[in-house]
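So the structure is just underneath, and the comments pick up after that.
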Amino acid sequence: MNEPLVQRHWLTLAAPKAAPALATSTVLILGRIWNANGAEHSVGNAALMVVLATGAATAGAFASTGRGGGDGVLAGTAFATSGALALAGVAGYADGWSLPILLWAVATAVAYGIAARYWRTDRRDRTAHERHTTVRREEHAHVERVEALRAGAQIEAARAGAAYAEQLATALITRATLPGYDPAALTRARLPELPAPTEHQ
């Protein structure tokens, strides 16, 4: 059972590792662009971002405590949105780079901490799947080997039986053609007769 080898590009492998930093950096850059376009010290804009961030956090809290244990993906998305809105609000409202950069570093570290947990789980699941696949492949290969040996033994037994039957038939024919062969003499001498052929139904 041969499986095709897939060689993935290094960008495909590196993209998930860079995603948290790219996401927080994008939010920081957009916040600073917003700052340069009039959001600096704007109470209305700051209040809007506070309301949006609080709403997203509340939605995340409701999603995580819903019936049946909640929806983890929805809760994580809501909390990530809340953090992004808070970071964008601070980056847009603050007049310097110190606080936005500090919050960006904290948000990036938290994002990588959360992502590392999912990466570990994914790696564990992938390893378990590969082990399970290997075990099943070995079991199938073992079954195939056993069946091949059994079929080979049956073929050899059938071939040996056919060769024996052919040799016996040749011997009987040869004996019948010998000069002076008298089947009645065998009967008179009370030698055992060959069994009559039986038909298998």
Side-chain angles (χ1 to χ4, degrees), residues 1-24 26 60 62-81 108-201:
M1 190 183 308
N2 296 326
E3 295 181 357
L5 297 176
V6 178
Q7 182 67 30
R8 295 192 294 176
H9 196 269
W10 66 270
L11 283 175
T12 306
L13 298 173
K17 306 297 184 187
L22 287 175
T24 54
T26 301
F62 278 119
S64 64
T65 59
R67 286 183 292 179
D71 188 350
V73 175
L74 184 60
T77 303
F79 284 126
T81 303
T108 304
V110 169
Y112 271 107
I114 294 172
R117 175 184 173 191
Y118 288 103
W119 291 337
R120 273 195 309 271
T121 303
D122 182 62
R123 187 168 56 247
R124 192 179 308 122
D125 292 342
R126 188 169 59 250
T127 303
H129 175 71
E130 289 174 356
R131 287 178 181 164
H132 178 68
T133 304
T134 303
V135 169
R136 289 194 58 182
R137 190 178 299 125
E138 290 296 327
E139 289 177 354
H140 286 306
H142 176 70
V143 170
E144 289 176 359
R145 284 193 296 269
V146 169
E147 290 300 323
L149 290 174
R150 181 177 296 139
Q154 290 176 350
I155 291 171
E156 287 300 323
R159 186 177 296 147
Y164 175 75
E166 183 179 356
Q167 290 172 358
L168 181 60
T170 303
L172 291 175
I173 293 170
T174 304
R175 186 182 70 170
T177 59
L178 288 174
Y181 171 70
D182 185 11
L186 295 176
T187 306
R188 285 192 303 271
R190 300 190 180 202
L191 294 174
E193 297 181 5
L194 292 173
T198 58
E199 295 183 0
H200 296 284
Q201 297 181 354

Validation: residues 108-117 side-chain donor-acceptor distances under 3.5 Å, sequence neighbours left out:
from: Thr108; atom 1: OG1; to: Thr24; atom 2: OG1; distance (Å): 2.8
from: Thr108; atom 1: OG1; to: Trp104; atom 2: O; distance (Å): 2.7
from: Tyr112; atom 1: OH; to: Lys17; atom 2: O; distance (Å): 2.6

Roughly how far apart are [X] [atom1] and [Y] [atom2], rounded to 0.5 Å?
X	Y	atom1	atom2	value
Arg124	Thr127	CZ	OG1	9.0 Å
Arg131	Arg126	CZ	CZ	12.5 Å
His129	Thr133	NE2	OG1	3.5 Å
Thr177	Ile173	OG1	CD1	8.5 Å

Glu147, CD: over 12 other non-hydrogen atoms inside 6.0 angstrom: yes
Among His142, Arg136, Glu138, the one residue meeting side chain to side chain contact (heavy atoms under 4.5 Å, CB included) with His140: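 Running side chain to side chain contact (heavy atoms under 4.5 Å, CB included) over His142, Arg136, Glu138 with His140 returns exactly one hit, Arg136.
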Minimum-distance pair of heavy atoms, taken over all atoms of Leu22 and Thr26: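 Looking at all heavy atoms of both residues, the closest pair is O-OG1, 2.6 Å.
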Glu156/Arg159 ion pair, N-O < 4.0 Å: yes
